[in-house]
Novice: 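Before anything else, here's the structure in question.
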Amino acid sequence: MEVLLRALCLLHLLILGFSQPFFFGNHNIFKDIFGDEVGDEDSRKNPDYETQYKGGWELVSENSGVSAMHLVLFPTNKAIMFDATVFGPSQVQLASGNCRTIPNSKKKNDLDCWAHAVEFDIDTADIRPLKVLTNTWCSSGGLAADGTLVHTGGWNDGGSAVRYLSSCETCDWKEYPKELSGQRWYSTQQILPDGGFIVVGGRRMFNYEYVPKEGKSNPTNYNLPFLRETTDEAENNLYPFVHLSTDGNLFIFANNRSILLNYVTNKIIREFPVLPGGARNYPGSGMSILLPIKIDSENPKEIPAEVLVCGGAKSEAAKLAEKDTFLTALQDCGRIEITNPKASWKLETMPTPRVMGDMLILPTGDVLMINGAKKGVSGWKFADDPNLKPVLYKPMKPESQRFQELKAATIPRMYHSSSAVLPNGKILVAGSNTNNGYNFTGVKFPTEMRVEKFWPPYLDPLLALHRPQIITDFTGKTIKYSQNLSIQFKLIEIGLDKSDLMVTFYAPPFTTHGYSMNQRLLVLEISEAGRVVPGIHEVAVAAPPSSAIAPPGYYLVFVVHRGVPSPGVWIQIA
């Protein structure tokens, strides 16, 4: 009888524990059944959930319609994929009667009825052909504050073009062929704190300019001798790595050198040490990201910013590739704090060499390296030995524990491949075309039309129980800088400490040629965390403090529980 009474008493306590609301402001007065104060930061810090899962691959489409040289995710959960207009017939046609006139053709009324861009539904894999008029080969882009794709440059008739693509169900490209002052081929586009865009470099373009207002043209540009100084015989400074620092200046990396530029005054504030080893930009084609930005409310104006540059090729590799000699790619990474006046590069070694890879920031703040090759450089048939194994890089771990190889792909993703982080945490992987046109037979690496999704380790099915589900609806809402936010989410946990949680904001990039432009992940400070009702929890955070930290636009919000991220929800900052 005594045992039964104890059991009933314990059951009563459990019921009370599950039924008590858990609100902000008084969370420390509640204790769980073990006597620990729930929500007390000093009480415990649980480690991330362990998993032996190395990831998984899922084939989602046999035919993307066009080769995905360029890839960007819209806030409508549609991906835009496109290549160039001069590679011949794609695998999908434009609607009847909607053909484009081929610019500068010697034939009268020469028409192209093939699509060179598509809208790809990330859930159903359905495609909608899009009509791009000017040549988008090796161009640049980014999402504007309202979610519109602003896209610049390309080859020949597209080199000075600015294009706009909105995300409605019937929207198509709107183009202005002569808005830019110069031919922007292999240039980089970066969003600025005011929501505008800067376009940096390009082939034989040693300058930068701003994307003008729609329908207007730039009369001139701004000279940047640094770009001329970093070019070489192979032009290893194309697609320069450009990151908006937390102090509002621009970090620009070209070839093996980097600067911090005040673009308003056109003055170089700081020149960083040379990153040794070889060339990191196209055609050497290494990878670069701005590492996750951790926001500190106590000192919001001095938030450190750190850049990671990985892989690439020796400076002479491009010239040798032209003669079918493929040098082994670089295997190192350089990491530098760009807000530190005395910063220097800290070198690390990847598990394998990699050139032409993509580097994506995951919702957890970890970094995924995917696609590319182990030998050669970017260019048609200029690389060999596909690097099929993705690598996970954990920037907050001790150096000896940062790299982890994941499950290998079976499809080589070489030159002109691309990837994107999806709201559900999977990675969309597409493209690969080392040929001058669509070529499916008789070549070592045929044009690749299949689309896959990669499952990172946090999608281990055994961890599904620990995955949060955001239930706060931000649809149609715009948040302001420093605004206080409450985010509710589902999670089956009895006791939940705020140190077990992380809230991240992710800006989806425009990815092409191994570089993801405008990619950014913010780690917000959690001020409160608690249980609302059984199975429903809430966190209180402050929105990013300024547009230098988070340029205006759409972000994916994730709640991460001990290394397991929720599906992301879209939110707009303005």
Novice: Among Ile289, Ile361, Ile293, exactly one meets side-chain contact (heavy atoms from CB on, under 4.5 Å) together with Leu521. Which residue is that?
Specialist: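 Single pass found, and it is Ile361.
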Novice: With rounding to the nearest 0.5 angstrom, report the CD1 to CG distance, Ile122 to Asn77.
Specialist: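 Going from CD1 on Ile122 over to CG on Asn77, the span is 4.0 Å.
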Novice: Please check this pair: side chain of Thr246 against backbone of Ile303, looking for a donor-acceptor N/O pair closer than 3.5 Å.
Specialist: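 The answer is yes, because a donor-acceptor pair under 3.5 Å joins these two groups.
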Novice: Do Tyr49 and His561 make the cut of ring centroids closer than 6.0 angstrom?
Specialist: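 When the ring centroids of Tyr49 and His561 are compared, they turn out to be within the sub-6.0 Å range.
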Novice: With sequence neighbours left out, what residues match Pro386 under side chain to side chain contact (heavy atoms under 4.5 Å, CB included)?
Specialist: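 Once residues adjacent in sequence are excluded, the partners of Pro386 under the side chain to side chain contact (heavy atoms under 4.5 Å, CB included) criterion are Leu388, Pro412, Met414, Phe445.
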Novice: Kindly assign one of parallel, tilted or perpendicular to the pair His513 and Tyr282, based on the angle between their ring planes and the thresholds 30° and 60°.
Specialist: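 If you compare the ring of His513 with that of Tyr282, the planes turn out perpendicular.
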Novice: Could you check whether any side-chain N or O of Gln190 sits under 3.5 Å from a backbone N or O of Gly142, counting only pairs where one atom can act as donor and the other as acceptor?
Specialist: no
Novice: Which heavy atom of Ile336 sits nearest a heavy atom of Pro273, and at what distance?
Specialist: CD1-CD, 4.4 Å
Novice: Under 3.5 Å, is there a donor-acceptor pair between the side chain of Asn518 and the main chain of Ile191?
Specialist: yes
Novice: Judged by modelled atom types alone, do Ser288 and His243 share a side-chain donor-acceptor pair under 3.5 Å?
Specialist: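 Checked: Ser288/His243 side chains pair up, N/O donor to acceptor below 3.5 Å.
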Novice: Roughly how far, to the nearest 0.5 Å, is the NE2 atom of His416 from the OG1 atom of Thr434?
Specialist: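 The NE2 atom of His416 is 9.5 Å from OG1 of Thr434, to the nearest 0.5 Å.
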Novice: Could you tell me whether Tyr515 and Tyr239 have their ring centroids closer than 6.0 angstrom?
Specialist: no
Novice: I would like to know whether Arg402 and Asp366 meet salt bridge (charged side-chain N to carboxylate O under 4.0 Å, His left out); could you show each step before the answer?
Specialist: CA-CA 9 Å; Arg402 287 179 183 165; Asp366 293 336; over 6 Å; no
Novice: Please determine whether the number of non-hydrogen atoms from other residues, nucleotides or ligands lying under 6.0 Å from atom NZ of Lys381 exceeds 12.
Specialist: yes
Novice: In Å, rounded to the nearest 0.5 Å, how long is the span from CE of Met287 to CG of Asn371?
Specialist: 10.0 Å
Novice: Indicate whether the side chain of Ser139 and that of His151 have a donor and an acceptor atom separated by less than 3.5 Å.
Specialist: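 Side chains of Ser139 and His151: pair found under 3.5 Å.
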Novice: Considering all heavy atoms of both residues, which atom of Ala529 and which atom of Lys498 are nearest to each other, and what is their separation?
Specialist: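 Looking at all heavy atoms of both residues, the closest pair is CB-CB, 3.4 Å.
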Novice: First locate atom NZ of Lys375, then atom CG of Asn387, and finally report the distance between them rounded to the nearest 0.5 Å.
Specialist: 12.0 Å
Novice: Do you know which two heavy atoms are closest between Ala317 and Leu327, and how far apart they sit?
Specialist: CA-CD1, 4.0 Å
Novice: Any donor and acceptor pair, going by atom type alone, linking the side chain of Tyr458 with main-chain N or O of Gly425 inside 3.5 Å?
Specialist: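 Side chain of Tyr458 to backbone of Gly425, a donor-acceptor pair under 3.5 Å: yes, one is there.
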Novice: Strictly distance-based, threshold 3.5 Å: is any side-chain N or O of Arg562 a donor or acceptor partner for the main-chain N or O of Leu501?
Specialist: no
Novice: Quick one about Thr349 and Asp332 (side-chain donor to acceptor, distance below 3.5 Å, no hydrogens or angles considered), yes or no?
Specialist: no
Novice: On the 0 to 90° scale, with breaks at 30° and 60°, tag the Trp57-Phe454 ring pair as parallel, tilted or perpendicular.
Specialist: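 Taking Phe454 first and then Trp57, their aromatic rings sit tilted (interplane angle of 30° to 60°).
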Novice: Specify the closest pair of heavy atoms between Ser516 and Leu360, including all atoms of both residues, with the distance to one decimal.
Specialist: OG-CD2, 3.6 Å
Novice: Say whether Glu348 and Tyr393, considering side chains only, have a donor N or O and an acceptor N or O under 3.5 Å apart.
Specialist: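 Looking only at side-chain atoms, Tyr393 and Glu348 do form a donor-acceptor pair, the distance falling under 3.5 Å.
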Novice: Roughly how far, to the nearest 0.5 Å, is CD1 of Ile536 from CD of Gln488?
Specialist: 7.0 Å
Novice: Tell me if the CD atom of Gln52 is crowded by more than 12 foreign heavy atoms within 6.0 Å.
Specialist: no
Novice: Of all heavy-atom pairs between Glu448 and Gly431, which one has the smallest distance, and what is that distance?
Specialist: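 For Glu448 and Gly431, the tightest heavy-atom pair comes out as CB-O, 3.6 Å.
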Novice: Can a donor-acceptor pair be found between the side chains of Trp455 and Asp460 at a distance below 3.5 Å?
Specialist: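 No donor-acceptor contact under 3.5 Å links the two side chains.
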Novice: Would Asp384 and Lys374 pass as an ion pair if we require N to O under 4.0 Å?
Specialist: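 Between Lys374 and Asp384 there is no salt bridge, as every charged N stays at least 4.0 Å from the carboxylate O atoms.
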Novice: For the residue pair Phe272 and Phe251, is the inter-centroid distance of their aromatic rings smaller than 6.0 Å?
Specialist: yes
Novice: Under the salt bridge (charged side-chain N to carboxylate O under 4.0 Å, His left out) rule, what pairs show up with a residue in residues 408-432, not counting sequence neighbours?
Specialist: Glu58-Lys426, Arg413-Glu452
Novice: Donor-acceptor pair, distance only, cut-off 3.5 Å: does the side chain of Ser547 make one with the backbone of Pro193?
Specialist: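 It does hold such a pair.
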Novice: Parallel, tilted or perpendicular for Tyr555 and Phe505, by the 30°/60° rule?
Specialist: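 Correct class here is tilted.
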Novice: Crowded around Glu50 CD? As in, over 12 foreign heavy atoms under 6.0 Å?
Specialist: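 Result for CD/Glu50: open.
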Novice: Hey, mind stepping through Asp83 and Ser67 against side chain to side chain donor-acceptor pair (under 3.5 Å) and telling me if it holds?
Specialist: CA-CA 6 Å; Asp83 57 1; Ser67 180; 5.0 Å; no
Novice: Got a second to check how far Ser285's OG is from Met356's CE, nearest 0.5 Å?
Specialist: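 Taking OG in Ser285 and CE in Met356, the distance rounds to 7.5 Å.
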Novice: Kindly give the heavy-atom pair with the smallest separation between Trp570 and Pro423, and that separation in Å.
Specialist: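 In this case the closest contact between Trp570 and Pro423 is NE1-CG, 4.3 Å.
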Novice: Would a distance-only check, ignoring hydrogens and angles, find a side-chain to backbone donor-acceptor pair under 3.5 Å from Arg335 to Leu291?
Specialist: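 Pair absent, no side-chain N/O of Arg335 close to backbone of Leu291.
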Novice: Please confirm whether the backbone N or O of Pro565 pairs with a side-chain atom of Arg467, one donor and one acceptor, at under 3.5 Å?
Specialist: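 Side chain of Arg467 to backbone of Pro565: a pair is present.
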Novice: Does Gln519 use its side chain to pair, donor to acceptor, with the backbone of Met359 at less than 3.5 Å?
Specialist: yes
Novice: Are a donor atom and an acceptor atom from the side chains of Lys453 and Asn424 found within less than 3.5 Å of each other?
Specialist: no
Novice: Can you tell me how the ring of Phe510 sits relative to the ring of His70, calling it parallel under 30°, perpendicular over 60° and tilted otherwise?
Specialist: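 Correct class here is tilted.
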Novice: Less than 3.5 Å apart, any donor N or O on the side chain of Asn281 or Asn236 sitting next to an acceptor on the other?
Specialist: no
